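Quick one: this structure, given as structure tokens, is what I'll be asking you about.
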Amino acid sequence: VLQGYAQQHDLTETWVRAAAKDAAFMFSLFIAANAVSLATTMTSESNPPGMCMPLHHMTFFTVSFMHMMLSTFLLYVVRVLTVTVDMFCYRLVIDPSMAEAMHDWNVLQALLRRAAGSVELALIILLAMMAWLVAAFSLDFVGLGWSLSTMRLQLPRILMLCGVLRVFITAAGVTDK
């Protein structure tokens, strides 16, 4: 439905360009989080006692990859919604025909409701991941103490939280016009 609407209103190119930037940002966060995780756990001073390095790296890689893919998908869907609302506002300024604008806005509202229903579960999962990250972050600080090495261990999680925040800030920006 979203792709058909975007093609019908010549928004595909703008949507793809914005989605490509989002995907590049999320991939950069994924690479940075995994590089920092690998580099941090390789130093002997920041390793928690008894930590299994290969298992830790594979687990973090898998979780951060799933996080990146889910966030990228959500940004892809949210971007088309942002582009359609922006284009509606632009067209309303160019041609302020109220009768046509009311019809177009009703169609756009239906599209927004349908898309919101489609991504609702994914957003809840992303919120649950964010809550888990914050809880793990807090437990690590309680268990390991407030030191610089603990902060370095938390940096990959902080980068993942930045990705989650980007999704929700972008989603909030859909109808802020």
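Since the structure is predicted, the reported quantities are computational estimates derived from the model, not experimental observations.
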Can you name the closest pair of heavy atoms from Met26 and Ser71 and give their distance?
CE-CB, 3.3 Å
Which residues share a side chain to side chain donor-acceptor pair (under 3.5 Å) with Thr72, sequence neighbours left out:
none
Set of side-chain contact (heavy atoms from CB on, under 4.5 Å) partners for Trp132, sequence neighbours left out
none
Minimal non-hydrogen separation, Pro156 against Ala33, with atom names:
CB-O, 3.5 Å
Hydrophobic cluster identity match, Ile124 and Val77, side-chain contacts under 4.5 Å
no
Under 3.5 Å, which donor-acceptor pairs do the side chains of residues 160-172 form with other protein atoms, sequence neighbours left out?
residue : atom : partner : partner atom : Å
Arg166  : NE   : Asp22   : OD1          : 3.4
Arg166  : NH2  : Asp22   : OD1          : 2.6
Thr170  : OG1  : Arg166  : O            : 2.7

Qualifying residues under side-chain contact (heavy atoms from CB on, under 4.5 Å), relative to Ser97, sequence neighbours excluded
Asp95, Glu100
Once side chain to side chain donor-acceptor pair (under 3.5 Å) is applied, what residue pairs with a partner in residues 60-69 remain, sequence neighbours excluded?
Asn34-Ser64
Going by the rule side-chain contact (heavy atoms from CB on, under 4.5 Å), which residues pair with Ala122 if we only count those two or more places apart in sequence or in a different chain?
Leu70, Leu74
Among all residues two or more places apart in sequence or in another chain, which pass the ring pair (Phe, Tyr, Trp, His ring centres under 6.0 Å) test with Phe73?
none
Identify the heavy atoms of Trp15 and Tyr76 that sit nearest to each other, and give their distance.
NE1-O, 2.8 Å
List the residues meeting ring pair (Phe, Tyr, Trp, His ring centres under 6.0 Å) with Phe65, not counting sequence neighbours, and say none if there are none.
Phe30
For Val16, side-chain contact (heavy atoms from CB on, under 4.5 Å) partners two or more places apart:
Thr12
Is there any salt bridge (Lys or Arg N to Asp or Glu O under 4.0 Å) pair reaching into residues 56-72, and which pairs are they, with sequence neighbours excluded?
none
Between CE of Met69 and CZ of Phe27, what distance do you get to the nearest 0.5 Å?
10.5 Å
Given Met102, Gln109, His103, the one that forms side chain to side chain contact (heavy atoms under 4.5 Å, CB included) with Trp105:
Gln109
Stepwise side chain to side chain contact (heavy atoms under 4.5 Å, CB included) test for Leu112 and Val85
CA-CA 9 Å; Leu112 290 170; Val85 170; 4.2 Å; yes
How far apart are the closest heavy atoms of Leu81 and Thr84, and which atoms are they?
O-OG1, 2.8 Å
Salt bridge (Lys or Arg N to Asp or Glu O under 4.0 Å) with Glu120: which residues, sequence neighbours excluded?
none
Which pairs pass salt bridge (Lys or Arg N to Asp or Glu O under 4.0 Å) with one or both residues in residues 66-76, sequence neighbours excluded?
none
How long is the gap from CE on Met68 to CG on Leu159, to the nearest 0.5 Å?
14.0 Å
With a 4.5 Å limit on heavy-atom distance, are the side chains of Leu111 and Leu108 in contact?
yes
